[in-house]
Novice: 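Questions regarding the structure given below will be posed in turn.
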Amino acid sequence: MVRAVVGANWGDEGKGKITDMLGETSDIIVRFQGGSNAGHTIVNDYGKFALHILPSGVFYNHTTSVIGNGVAFSIPALFNEVKDIVSKGVPMPKILVSDRAQIVMPYHILFDQYEEERLGGKSFGSTKSGIAPFYSDKYSKIGFQVNELFDEEVLKEKVERVCELKNCILEHLYHKPAINPDELLDTLHEYRDMVAPYVCDTAAFLQQAIKEGKNILLEGQLGTLKDPDFGIYPMVTSSSTLASYGAIGAGIPAYEIKDIITVVKAYSSAVGAGEFVSEIFGDEADELRRRGGDGGEYGATTGRPRRMGWFDAVASRYGCKMQGATQVALTVLDVLGYLDTLPVCIGYEIDGKVTRDFPTTTKLSKAKPVYEYLPGWKTDIRGIKKYEELPENCRKYIEFIEKELEVKITMVSNGPGRHDIIYR
Ligand code: GDP
């Protein structure tokens, strides 16, 4: 059976924790999009980890971790992460890398920095991991697939061809030093030797695993609102964050994805620029940021303070719908125990009209939040294992959100740990 864990919001919903939890009953965990630009924070029996490229299932002995063809594959990032977890006592994970995955090149990272510099104040808030230049090259058909590392003739010719183009832009647009093709080729030889033991046809591997009845978990990065088609374009990421894309980014039939576990955060947070209707500021935001997540809401990759806001039912319902959510995991609910009242954004007022439908970005920029206020529960709910034991106002908040989402909330996460979960 194939399941997906994906985000309904702007990312940082706590997908890593849910994936780590569901890893227990999975044979294979697959990354199918994105790269090392965002991170998952995982707290388990080995300690606390920030993963960027490895799937969040690497902590189990029985799982195989797959880097799918849809990923922006940074070879050094993978190896640094493996080194880090192994040095902290985690058994060496079983890793497979798609022979069709494309490689994040050193110049992608540079181009990301140079472009942000060039844009100055109008930048997209990139994490500067090379993701946008990477996907641009993929679709311009000048990217490097992993299999090309193993054909010296193809590799050499392509390095020269690509350097010619890149150097032209480096010189004339960015006024930066040129790439030396020989040095780049040496780097790619290093990459080849690092990755060689793990490369295979992962699509064939996964399709065979499906036939054998294995449990496969697709792990999404970021959330619906960062999807290049359905998110807050252009302040989005460069690969699809939707579960449907899991079929493409992993190389399996779309109809095999049976369960889409959509992670929804009990309040809102976002990193980088872009429309954010229920955003809050000042002391109110500082307090939520300080109390949020596990030790504050700061980016796992960049350490940047996240933007904060109240729960947005309009964005989250849309987030679930576009994912095709079959069930919802509501996370970080424990954080809200300090509030007297909880504002929930139930509508957007645009040009004097209230809507419950999530609009395109041009309209979104005019939207003002319409709030409904729910009473707080004013207690710490960490450690509670049974739904009935949650305070009444807390259950009311969950049930209100469930009604707004129009999808069943089957799991409530009340702490960062693997076992901080309430099943309904
Ligand atoms: P992801 O990218 O969706 O995996 O999200 P992140 O890992 O970047 O952000 C989620 C943060 O919240 C991490 O620091 C998690 O450890 C933490 N977290 C996850 N679930 C919960 C929860 O239910 N309660 C609390 N307090 N923290 C949580």
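When a ligand or atom number is given, it counts from 1 through the structure's own listing order. Just so you know, residue 1 is the first one in the sequence shown, and it goes up from there.
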Novice: For ligand 1, does Asp334 get within less than 4.0 Å through its side chain, its backbone, both, or neither, judged by non-hydrogen atoms?
Specialist: side chain
Novice: Is Leu333 in polar range of ligand 1, meaning some N or O pair under 3.5 Å apart?
Specialist: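 Min N/O separation from ligand 1 is not below 3.5 Å for Leu333.
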Novice: Using a strict cut-off of 4.0 Å, indicate which atoms of ligand 1 neighbour a heavy atom of Arg306.
Specialist: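 Ligand 1 atoms under the 4.0 Å threshold to Arg306: 8 (O), 9 (O).
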Novice: Classify the ring geometry of Tyr318 against Phe358: parallel below 30°, tilted from 30° to 60°, perpendicular beyond 60°.
Specialist: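 Ring orientation, 0 to 90° scale: parallel.
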Novice: On a heavy-atom basis, which atom in Ala250 and which in Val30 lie closest, and how many Å separate them?
Specialist: CB-CG1, 4.0 Å
Novice: In terms of ring plane angle, is the pair His108 and Phe134 parallel, tilted or perpendicular, where the classes change at 30° and 60°?
Specialist: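 Perpendicular: the ring planes of His108 and Phe134 meet at over 60°.
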Novice: Considering Ile421, Val5, Val332, Thr19, which one's heavy-atom position lies nearest to atom 18 (N) of ligand 1?
Specialist: Val332
Novice: Could you pull out, from Gly16, Ala266, Ser413, Gly417, the option with a heavy atom nearest to atom 23 (O) of ligand 1?
Specialist: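 Looking at heavy atoms only, Ser413 sits closest to atom 23 (O) of ligand 1.
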Novice: Would a line drawn from the ring center of Phe73 to the ring center of Tyr191 be shorter than 6.0 Å?
Specialist: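 No; Tyr191 has its ring centre 6.0 Å or more from that of Phe73.
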Novice: Under a 4.0 Å heavy-atom limit, does Lys17 contact ligand 1 with its side chain, its backbone, both, or neither?
Specialist: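 The answer is the side chain.
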Novice: With heavy-atom distances below 4.0 Å as the criterion, list the atoms of ligand 1 near Arg382.
Specialist: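 Ligand 1 atoms under the 4.0 Å threshold to Arg382: 26 (N).
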Novice: Using every non-hydrogen atom in the two residues, find where Lys88 and Lys48 come nearest and quote the distance to one decimal.
Specialist: NZ-O, 4.4 Å
Novice: Applying side-chain hydrogen bond (donor to acceptor under 3.5 Å, both in side chains) to Ser56 and Asp20, what does each step give before you reach the verdict?
Specialist: CA-CA 5 Å; Ser56 305; Asp20 177 59; over 6 Å; no
Novice: With backbone taken as N, CA, C and O and side chain as the heavy atoms from C-beta onward, which portion of Asn414 lies under 4.0 Å from ligand 1: side chain, backbone, both, or neither?
Specialist: backbone
Novice: Parallel, tilted or perpendicular for Tyr139 and Tyr135, by the 30°/60° rule?
Specialist: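 Answer is parallel, since the angle falls under 30°.
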Novice: Within ligand 1, which atoms have a heavy atom of Glu13 less than 4.0 Å away?
Specialist: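 What qualifies from ligand 1 is 3 (O), 5 (O).
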Novice: Against heavy atoms of Val335, which atoms of ligand 1 measure under 4.0 Å?
Specialist: 26 (N)
Novice: Nearest heavy atom to atom 25 (C) of ligand 1 wins, so pick from Gly293, Gly220, Gly14.
Specialist: Gly293
Novice: What is the ring orientation for Trp10 with Phe276, classed by angle as parallel under 30°, tilted 30 to 60°, or perpendicular over 60°?
Specialist: tilted
Novice: Any heavy atom of Gly7 sitting closer than 4.0 Å to ligand 1?
Specialist: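 Flag not set, Gly7 not near ligand 1.
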